[in-house]
Amino acid sequence: MCGIVGLFLKNQSLQSDLGRLTSLMLRELCDRGPDSAGFAVYGAETTGATKICMVNRNGAVDWHAVARQLGAATGADVSVETVEDHAIFRTSGAGDTARKWLIDNVSAAYVLSQGQSIEIFKGVGDPAAIVTRLDLEHRSGTPTIGPTPMATESAVTIAGSHPFSTGDDTCLVHNGSLSNHNRLREQLVRRGERFQTENDSEVAAAYLASRMRAGDTLEGALENGLKDLDGFYTFVVGTRDGFAVIRDPVACKPAVIAETDDWVAMASEYRAIAPLPGAAHARIWEPAPATVYAWSRAA
């Protein structure tokens, strides 16, 4: 099934090379999920503003008109930058308010992420072509995650592509399937969560975001997920400060982690890690079942 990767750079001098290194990893796994691809990059943080990434469903969207309407509706300053069929809005207002307005009022596009650092990009088709078209190779930052998914719980659409993000500067990629996502979706909707797809992975992302809004650390949210999320999964979760990896108690979905003094990488197969500098001398292991592995810039 899906091929997923995550890369966290501990050496700041490598940050400008983040996109190129992640591109190498994703290209190695194209045959695991030829349907689509996406990636989340955590780059420079905005000051006094929230970034919201969107992608159109099909056809053109007048992003500048959307920016004007969003600003008028929220009373905030809003600017927009376009990247192919994506848009990155920057608003001085509350990110949650802007996200909800965009979901409710821009039916021709999907909201992909919000936060001070995160940017998510997605596409349908050959993953290598998507990586090239959206210029992943020239993006910089600290952590990045991305999948080349094969659709199992949704149709092959841009909305069904990973990563999924429903919380501020938080996103998730997932190899596997959840059996109780419909019940969890109903519970999360009652708590105010907004969904844009029927995908089980969006439910997992919303669950973690909800737990962290309630006060859990990332590690705590994942540990609670072991009790509340039924199914088979390997998750990679990105945050502004780092990322985490967890497998379900059965751990039937493949995963490998490698670490050097310069970086930590996770992938569905070692061949995605092999092109990284120093991989031959990395500490390499298969993550244990029901165990949270987390790295942070704050550590």
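Remark: R211 pairs with D216 by the salt bridge (charged side-chain N to carboxylate O under 4.0 Å, His left out) rule, at least two apart or across chains. Every residue meeting the side chain to side chain contact (heavy atoms under 4.5 Å, CB included) condition with P275, not counting sequence neighbours, appears here in chain and number order: L24, E28. Residues that satisfy the salt bridge (charged side-chain N to carboxylate O under 4.0 Å, His left out) test with E286, not counting sequence neighbours, are R247. R283 meets the salt bridge (charged side-chain N to carboxylate O under 4.0 Å, His left out) test with E259; sequence neighbours excluded. Checked against ring-ring contact (aromatic ring centres under 6.0 Å, His included), F121 has the following partners two or more places apart in sequence or in another chain: F39, H86. The side chain to side chain donor-acceptor pair (under 3.5 Å) check on Q116 picks up T50, R240, with sequence neighbours excluded. Considering only residues two or more places apart in sequence or on other chains, T260 meets the side chain to side chain contact (heavy atoms under 4.5 Å, CB included) condition with D262, W263, A282. The salt bridge (charged side-chain N to carboxylate O under 4.0 Å, His left out) search around R20 returns D17, not counting sequence neighbours. In terms of the side chain to side chain contact (heavy atoms under 4.5 Å, CB included) criterion, residue partners of A206 (sequence neighbours excluded) are, by chain and number, T166, L188, E193, F195.
Hydrophobic clustering, with ILVMFWY side chains joined whenever heavy atoms are under 4.5 angstrom apart, keeps F232 apart from V237. I88 and W63 are assigned to two separate hydrophobic clusters, defined by single-linkage of ILVMFWY side chains at heavy-atom distances under 4.5 Å. Under a hydrophobic-cluster definition in which Ile, Leu, Val, Met, Phe, Trp and Tyr are linked whenever side-chain heavy atoms come within less than 4.5 Å, directly or via other members, V80 and L112 are assigned to different clusters. Using a 4.5 Å cut-off between side-chain heavy atoms of Ile, Leu, Val, Met, Phe, Trp and Tyr, with links allowed through other members, V41 and V83 fall into the same hydrophobic cluster. The cluster map of Ile, Leu, Val, Met, Phe, Trp and Tyr, joined by side-chain heavy atoms under 4.5 Å apart, puts V106 and I103 in the same cluster.
Below 30°, between 30° and 60°, or above 60°: for F235 and H174 the angle between ring planes is above 60°, a perpendicular geometry. Relative ring orientation between F8 and F243 is described as tilted, the plane-to-plane angle lying within the 30° to 60° band.
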Residues L7, L276; criterion side-chain contact (heavy atoms from CB on, under 4.5 Å); working and verdict: CA-CA 10 Å; L7 178 62; L276 297 178; 4.0 Å; yes
Go through T132 and R27 one step at a time and tell me if the side-chain hydrogen bond (donor to acceptor under 3.5 Å, both in side chains) criterion holds. CA-CA 10 Å; T132 299; R27 290 179 190 278; 3.0 Å; yes
Before giving the answer on side-chain contact (heavy atoms from CB on, under 4.5 Å), spell out for V111 and I52 the whole-Å C-alpha distance, their side-chain angles and the decisive distance to 0.1 Å. CA-CA 7 Å; V111 176; I52 300 177; 3.9 Å; yes
In sequence, state the C-alpha distance, the side-chain angles, and the governing distance for Y110 and M54, and then conclude on side-chain contact (heavy atoms from CB on, under 4.5 Å). CA-CA 5 Å; Y110 296 104; M54 298 189 74; over 6 Å; no
Which is it for N199 and F164 under the side-chain contact (heavy atoms from CB on, under 4.5 Å) test, yes or no, and what are the steps along the way? CA-CA 9 Å; N199 194 289; F164 282 99; 3.7 Å; yes
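Sorted by first and then second residue, the side chain to side chain donor-acceptor pair (under 3.5 Å) pairs with a member in residues 97-109 read D104-R194; sequence neighbours excluded. Screening residues 226-235 for side chain to side chain donor-acceptor pair (under 3.5 Å), with sequence neighbours left out, gives Y207-D228, N224-K227.
For the pair A98 and T91, the tightest heavy-atom approach, listed with the atom from each and the gap, is CB-CG2, 4.2 Å. Between A76 and G93, the closest heavy-atom pair is CB-N, 3.4 Å. Listed here is the closest heavy atom pair of D200 and S177: OD2-CA, 3.2 Å. The minimum heavy-atom distance between A272 and V5, with the atom names listed, is CB-CG1, 4.2 Å. Between A265 and M25, the shortest heavy-atom distance links the atoms CB-CE, 4.0 Å. The shortest non-hydrogen separation linking G43 to S117 is O-OG, 2.9 Å.
No side-chain donor-acceptor contact under 3.5 Å links S210 to the backbone of L208. For the pair K122 (side chain) and P163 (backbone), a donor-acceptor distance under 3.5 Å is present. Looking only at distances, no side-chain donor or acceptor of N175 sits under 3.5 Å from a matching main-chain atom of K253.
In the displayed structure, Y270 atom OH is contacted under 6.0 Å by more than 12 heavy atoms of other residues, nucleotides or ligands.
Taking CD1 of I246 as the start and CG of L218 as the end, the distance is 9.5 Å to the nearest 0.5 Å. Here the straight-line distance linking atom OG of S140 with atom CG of L18 works out to 7.5 Å at 0.5 Å rounding. Once rounded to the nearest 0.5 Å, the distance linking OG1 of T291 with CG of L222 reads 11.5 Å. Between the CG atom of L102 and the SG atom of C53 there is a distance of 11.5 Å, given to the nearest 0.5 Å. The distance from the OH atom of Y42 to the OG atom of S113 is 8.0 Å, given to the nearest 0.5 Å. Note that SG of C171 is 12.0 Å distant from CD of E119, once rounded to the nearest 0.5 Å.
Side-chain contact, D169 with Q114: no donor N or O sits under 3.5 Å from an acceptor N or O. A donor and an acceptor atom, one from each side chain of T170 and R213, are nowhere located under 3.5 Å apart. Between S13 and N11, the side chains place a donor N or O and an acceptor N or O closer than 3.5 Å (distance only, hydrogens not considered). Of the N and O atoms on the side chains of T197 and E202, at least one donor lies less than 3.5 Å from an acceptor on the other residue.
For the pair L226 and P249, the minimum side-chain heavy-atom distance is below 4.5 Å. Between V256 and M266 there is no side-chain heavy-atom pair separated by less than 4.5 Å. Contact of the L172 side chain with the V236 side chain is not registered, since no non-hydrogen atoms from C-beta on lie closer than 4.5 Å.
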Side-chain donor-acceptor distances from residues 64-73 under 3.5 Å, at least two apart:
none

